[in-house]
There are 2 protein chains.
Amino acid sequence: MAFHKKEEFTQKEQDLANFAKAMSHPARIAILKVLAQRNECICGEIVDILPLAQSTVSQHLKELKNAGLINGTVDGPRSCYCINWKAFEKFNSEFTSLFNNLKVKNEKACC
Amino acid sequence: MAFHKKEEFTQKEQDLANFAKAMSHPARIAILKVLAQRNECICGEIVDILPLAQSTVSQHLKELKNAGLINGTVDGPRSCYCINWKAFEKFNSEFTSLFNNLKVKNEKACC
DNA sequence: ATCTTATATCGCAAATATACGATTAAAGAT
DNA sequence: ATCTTTAATCGTATATTTGCGATATAAGAT
């Protein structure tokens, strides 16, 4: 690899890629689904639901948080996570708009 | 790691994750953008545009193709790629619907 | 037949991601 | 003060991704 060439792309391309990367593992999709379905924020419940060790779940949560897709607050000895809907929508619309706009001009591709 | 636990999640979760993975690199976002902007399918043009070696671009194209996001046909000594809009829309709507549906019931999260 | 052009594939090195057990930290309960 | 519970972090093993040069392939041009 020599060195990550990721910086050589535009910020928007990098942002979109980072968003996609955060969602690029089924465990993280599953976590987002669980968080979205509850009105209460959960934490250790996710560990019970997923077929993964506590430390692994914690790591996935950290990645989702770093990517800005979820919020987390410490609440005594337990911590509480939930979807960051704003960030999610922002990325989601950026994502769809990028391609939907282009699609209109270009309905019939050559292959 | 011991062994990929990815299979232990639902097919839909895996599909979504694979779709996201295909988009999880800025180079692949850039490639999709280029493909979407042209009326003609390109190939080596992408190599000129991206700051990456020909072999690397070819690899990224292969990943996008394997993920079903683009189509590719061989055309003499050159090959021709373009966005697979159908697959893209399918994933995109699955993606947004999953979270938009949940979002309605759940507008105000706890943190 | 050989040369050229355009791509794909192979082989390899380096970087990242995934997963887990063990340990640490933090706070409420006893 | 100690114990328990919950979650984060550390260390480590393994797998996967990223990237490139070199090589192979395929077809049109000479």
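None of the values given here were measured: they were computed from a predicted structure. The chains referred to below are lettered A, B, ... by the order of the sequence lines, with proteins before strands, and numbering in each begins at 1. Scope of the values below: all heavy atoms of this structure, side chains included, with no hydrogens, waters or symmetry mates.
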Scanning both residues in full, the closest heavy-atom pair of Ala36(A) with Trp85(A) reads CB-CH2, 3.9 Å

Can you find a side chain N or O atom of His60(A) that sits less than 4.0 Å from OP1 or OP2 on dA19(C)?
-> yes

Shortest non-hydrogen contact from Arg38(A) to Val34(A)?
-> CG-O, 3.1 Å

Should Glu63(A) and Lys21(A) count as an ion pair when the cut-off is N to O under 4.0 Å?
-> no

Below 3.5 Å, can you tabulate the donor-acceptor pairs from side chains in residues 46-59 of chain B to any protein atom, sequence neighbours excluded?
none

Extract all donor-acceptor atom pairs below 3.5 Å that involve side chains of residues 8-17 of chain A and protein atoms in other chains or at least two apart in sequence.
from     : atom 1 : to       : atom 2 : distance (Å)
Thr10(A) : OG1    : Glu13(A) : N      : 3.1
Thr10(A) : OG1    : Glu13(A) : OE1    : 3.3
Gln11(A) : NE2    : Asp15(A) : OD1    : 3.0
Glu13(A) : OE1    : Thr10(A) : N      : 3.1
Glu13(A) : OE2    : Lys33(B) : NZ     : 3.1
Gln14(A) : NE2    : Lys6(A)  : O      : 3.4
Gln14(A) : NE2    : Phe9(A)  : O      : 2.9

In whole angstroms, the gap separating C1' of dG19(D) from CZ of Arg28(B) amounts to 12 Å

Please list, pair by pair, any protein nitrogen or oxygen found under 3.5 Å from a nitrogen or oxygen in nucleotides 4-10 of chain D.
from   : atom 1 : to       : atom 2 : distance (Å)
dT6(D) : O2     : Pro77(A) : O      : 3.3
dA7(D) : OP1    : Gly44(A) : N      : 3.2
dA7(D) : OP2    : Gly44(A) : N      : 3.1
dA7(D) : O3'    : Ser79(A) : OG     : 2.9
dA8(D) : OP1    : Ser79(A) : OG     : 3.0
dA8(D) : OP1    : Tyr81(A) : OH     : 2.5
dA8(D) : OP2    : Ser58(A) : OG     : 2.7
dA8(D) : N7     : Gln54(A) : NE2    : 2.7
dA8(D) : N6     : Gln54(A) : OE1    : 3.0

Residues two or more places apart in sequence or in another chain: which of them pass side-chain contact (heavy atoms from CB on, under 4.5 Å) with Ala67(A)?
-> Ala22(A)

Any side-chain N or O of His4(B) under 4.0 Å from OP1/OP2 of dA17(C)?
-> no

Near DNA chain D, which residues from residues 11-27 of chain B have a heavy atom under 4.0 Å away?
-> Lys21(B), His25(B)

Listed by chain and number, what are the side-chain hydrogen bond (donor to acceptor under 3.5 Å, both in side chains) partners of Ser93(A), not counting sequence neighbours?
-> none

Ring geometry between His25(B) and His60(B) (parallel below 30°, tilted from 30 to 60°, perpendicular above 60°) = tilted

Answer yes or no: does a side-chain N or O of Lys6(A) lie under 4.0 Å from OP1 or OP2 of dA15(C)?
-> no

Between CG of Asn66(B) and P of dT18(D) the distance, given in whole Å, is 13 Å

